[in-house]
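To keep things clear, I will list the structure first and then write my remarks on it.
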Amino acid sequence: MGSLGKEAAAAGERVVLAVNGARHEAAGVDPSMTLLEFLRTRTPVRGPKLGCGEGGCGACVVLISKYDPATDVVTEFSASSCLTLLGSLNHCSVTTSEGIGNTRDGYHPVQQRLAGFHASQCGYCTPGMCMSIFSALVKADKTGGPAPTPGFSKLTCSEAEHAVSGNLCRCTGYRPILDTCKSFAADVDLEDLGLNSFWKKGTDPADVDKLPEYSSGAVCTFPEFLKSEIKVQMKDAPVLNADEDGWYHPKSIEELHTLFDSDWFDENSVKIVASNTGAGVYKDQDLYKKYIDIKGIPELSVIDRTNKGVEIGAAVSISKAIEIFSDGTPVFRKIASHLSKVASPFIRNMGTIGGNVIMAQRLPFASDIVTVLLAAGSTVTIQTASKMLCLTLEEFLEQPPCDAKTILVTIFVPDWGSDNIIFETSRAAPRPFGNAVSYVNSAFLARTSGDAASEGLIIEDICLAFGAYGVDHATRARKVEEFLKGKSVSAPVILEAVQLLKDVISPSEGTTHPEYRVSLAVSFLFSFLSALGNNLNAPNGSCANGPEKHGKVANDDLPIRSRQELVFNDEYKPVGKPITKSGAELQASGEAVYVDDIPAPKDCLYGAFIYSTHPHAHIKSVNFRSSLASEKVITVISTKDIPAGGKNVGSGWAMLGHEALFGDPVSEFAGQNIGIVIAETQKYAYMAAKQAIIEYSTENLEPPILTIEDAIQHDSYIPVLPVFAPQPIGDFDQGMSEADHKILSGEVKLESQYYFYMETQTALAIPDEDNCITVYVSTQLPEITQNVVADLLGIPCHNVRIITRRVGGGFGGKGMKGSHAACACALAAFKLRRPVRMYLDRKMDMIMAGGRHPMKAKYSVGFKSDGTLTALHVDLGINAGISPDLSPLIPAYTIASLKKYNWGALAFDIKLCKTNMSSKSVVRAPGDVQGSFIAEAIIEHVASVLGSDTNVIRRKNLHSVESLTKFYSDSAGDAPTYSLVGIFDKLASSAEYQSRAEAVERFNGGSRWKKRGISCVPITYEVTLRPTPGKVSILNDGSIAVEVGGVEIGQGLYTKADSLSMIQGGFTGGSTTSESSCEAVRQACTVLVKRLKPIKEGLEAKSGAPVPWSTLIAQANMASVNLSAHAFWTPDPAFVKYINYGAAVSEVEIDVLTGGTTILRSDLVYDCGQSLNPAVDLGQVEGAFVQGVGFFTNEDYARNADGLVVNDGTWTYKIPTVDTIPKQFNVELINSARDQKRVLSSKASGEPPLLLAASVHCAMREAIRAARKEFKANSPLTFQMDVPATMADVKELCGLDVVERHLQSLSSAATSAAVKA
């Protein structure tokens, strides 16, 4: 390597760092090891989780601290540990959730408040949330200004809401997490915070003294011993050899180029890094032998501000760049504002400004930063192999992609001052706060002259930059620029500029939504130019037809508010009280153990699936390309390794059928497992699986069936057993004959949805003696998993032990689909006689998950002139995928929720389609959410035809008690329990609703470019009670163990059963597991009480005083009383099902120019019966609703032409975040009439509220209708609006050409006025 290589080396064979104050040396680790992998495999830490491996979910967030001995200053920042490479962290300190608080040392106030505000459900995301909040507190408390009131921090409410903007949570709906964040804010009104365990809302005064006390600086983030080591090394820095370590840390550009000239340098096996955040976008396809860390080169970290501008080194973080630009001229501040919407806080803290730019130059990366810097006239300095060059950013981007030896050194942004300079930036993305790639971004800079108030401004010079629209890099619209120079802005000028722009903005082939992207570019240009002219109805100025002004991002910055109205029941105290979720603090600290947190057994191996990319083909061979990763393959497990007597099964239920574990010899869908790569680490297994080369043949095979239409054409169906088939109601033909009006052909489509549980599918299998095996697995169905593993291995069920302590989110996805990972690990462990574990990466999980059932409904409906429905017929196609899974249950679920209205007569023809796609499975509210929405689409169609208010039609056709019984039979229950009419009237018939509806009308009359809609949607949801076991044992010390037939997946089962320890099994799903388990436990407790009562009475008679519990149990043991009781609760045969009721009003605002939707307010009223725990039920209601919002709006589970999932990670699949939930989120849980047939008169809460999210979709339709009235006079106000309604869909329904239409009307008016003059 030579002497320079040694001098350029880092800590070589011993990267030294502190983890939660303890010293660790990372000797002999793989150079590609991430901080997350190190923490989870080389230290006791388990808090940071692998949620995505892309820096897109926040589950792995930690606090990294660096010490500068020259200034004696410690700098802390949050970071994504799944992307941070261990080799770059020498002499850094890492703090995880365990490090700020834990069971032994006491919990931190962040952890205590997360628990107290009921902000943790499954708990998998909670340690990451905890660290994002803690990092924000550390950052805020280091700012200047006066000290906050004791108990608070210097954080503001606005900053608090942004603190977790990059963290994903699928369970809670975010509202309680935001309340936790805001409880630390100095400007918070504590009375505004939601339900918590610190004070009783509405009764007790909110007081900071009741909150766990917070004081800044209580956690040491950088230990003194590490400071001392750094100071010693400064005095006597050792010369270390990097041959073993594989990391090089050059201290100058000269040293870097000497490394480039070394004989070992090969860009295919050597990676140059500053932060490695780019690996979250463009994944490594192979392992690297060596890394060169360029952060230590001084020239790359320069920050030089002069009166000419700002020069920033390429290795400066995006967060630091924001800080620099924030303290500057208007142009600089605008740049800072836009950069703050790039990625998320913990990525901006690590990601470098230069890394973003160089990635955009080399790859088709949709960079916001490059677009903004391009418009600002930036220049770059680059160092090639031979010389230093200074280029404009535009010249740099247009060069051929740089080779690995070309280094971006600095970026210079000129200071434009503020005189006559106008600079605006825009972006359209699914999330306002960032952490979402733009559909289009733009930045415009103009130098103007003249007076805007009189004749308008004249454009002297202008730069128009556009990016992310489907080209290799950001570009300038030079033709448009040349046209605009010297012109005064008017409608005809803008119109011609827009026409020129449409010729310039040309998305490349294969770009999604190309017409939408062009329309966005037009909208951005129009918004900018219209602000420079007079009387142009600028989007950001006042409208000619109304006095209101509508800021471009006003709604994004609205604070999130909430209200909860709950009724607490004392009858069965403590049941009915809002008790904090059991184990919530344990989850917040990261100490709660999930499957992947179990320490690896000795000699443990790791697996990863190899999958097919072809939907229907023979698998001829599987080979591996020559690479570093393929050298890590130990073996490949496939069908040939299934033992004699075993079956090729990966999931299934005997009554419905099975799905194969391996596609052999024919792959039946893209994404099907072909084999399992076995390696020594999980990372090696992931990487090795990427090296697989599969040879296919389609000889003698039929073309794949991929759509509902294909399946119907080829009669490809999955049978539905009569016991599961829904039944028609009434006489359809007679109903149609009674109708005054008929819609003979309506249609609506609903696409799929991915579960996005935070913990992907995972399992650990350990072989045991005598052909036995133990499998730790994250599953909702332990018993079915046991059966499938036994079938696969050809052994009795009693030889298979399934253990599930808790699940990091399920939503149905850890049901049938959960057993594939268990089977794969079990087969490999059984074959190799060694433990094998598997944790699917997010891409593989999304590819194999299947998700929610896509549906296509065609309907015919008859109705009276007054809106009374007389008959409905639905032709329903359901895409079930390749195997039955639980799909035969979906038709009945769909029709059950469709029946929420009295259709008069209801008939249907349902086709459960078998296609060459991954089998669909149950997703939270399976079938019900589709059926409920289909009903709303039909009702809205009827109302549109009649020209009636939709709510009038809804109300008129809600069931009477008699029709409810006709449609739902025994499920209808007694008349007093039917609460839907009262709930709907409370919302839709209230004076407040009428006032809000009128306000929406006024707003729409005064706003051209933003439109609002409001809608009220009722729901019914039928659930089935299942027989459930329960066992309660009182131990010798008086503590209690409870065993139930369910799994804790975040729904609060442990809490509702009020237990100290849990052993579970059985079946978890359908929303009734908690109440059934509680009843089984209650019955067991009743038995124990009966046994203990005589002993208690005898002791009290002797002593004349109450008997302590410990004494009672000791005496019972001496008397040989059986202190273990088992119960098996079975529901009343006449009351196996019941109906849940609710309604929601949602108000939205859409941006006609971008298609963006802001949910201004949602009011939910849900009948949860006599709640077993209002806090848990509230969390279920809010979480389900927000998950439903994702389904109806942004979650696009897209596939390619072969049916393979392409939106396969956080980069492309966008679930709701804190910035997309309702700005005002109100929930009321009502306690309906008691019904002793239900468990303590309780009702389910886990799934039904998801259906309420249809209110958002319906409100969006109303807003779009208002836009169509404004801009598309001849277009129908009745239109098909499918699910999901993404930004592109909303914009298309409003009109892709609204800007052109508007400008043409203004131009025509100006021409007419000129002629008259």
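- Between Asp368 and the choices Thr425, Asn356, Asn441, the side chain to side chain donor-acceptor pair (under 3.5 Å) rule is met once, by Asn441.
- Rounding to the nearest 0.5 Å places OG of Ser317 at 8.0 Å from CD1 of Ile322.
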Cut-off 3.5 Å, no hydrogens considered: what does the side-chain donor-acceptor table look like for residues 125-134, sequence neighbours left out?
unit_1	atom_1	unit_2	atom_2	d
Thr126	OG1	Ser120	OG	3.0
Thr126	OG1	Gly123	O	3.4
Ser132	OG	Gly128	O	3.4
Ser132	OG	Asn167	OD1	2.8
Ser132	OG	Asn167	ND2	3.3

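- The backbone N or O of Ile1014 lies less than 3.5 Å from no partner atom in the side chain of Arg996, so there is not a single donor-acceptor pair.
- With ring centers used as reference points, Phe1185 lies under 6.0 Å from Phe1225.
- Between Gly1246 and Ala1184 the shortest heavy-atom distance is O-CB, 3.7 Å.
- Looking at Asn349, Thr221, Thr95 one by one, the single match for side chain to side chain donor-acceptor pair (under 3.5 Å) with Glu76 turns out to be Thr221.
- Judged purely by distance below 3.5 Å, without hydrogens or angles, the side chains of Thr96 and Glu98 pair a donor atom with an acceptor atom.
- Annotation: the span from Trp199 atom CH2 to Asp209 atom CG amounts to 10.5 Å, rounded to 0.5 Å.
- Under the 3.5 Å distance criterion, with hydrogens and angles disregarded, a donor-acceptor pair is assigned to the side chains of Gln121 and Gln1180.
- A donor-acceptor pair shorter than 3.5 Å can be found between the side chains of Gln564 and Ser562.
- Of the N and O atoms on the side chains of Ser1015 and Ser1255, not one donor lies less than 3.5 Å from an acceptor on the other residue.
- The two residues Leu987 and Cys1016 come nearest to each other via the heavy atoms CB-SG, 4.0 Å.
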Could you pull out all donor-acceptor pairs under 3.5 Å where a side-chain atom in residues 144-154 meets a protein atom, sequence neighbours excluded?
unit_1	atom_1	unit_2	atom_2	d
Ser153	OG	Leu155	N	3.1
Ser153	OG	Phe184	O	2.9
Lys154	NZ	Thr143	O	2.7

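- Closest non-hydrogen pair, Ser1245 versus Asp1177, comes out as OG-OD1, 2.7 Å.
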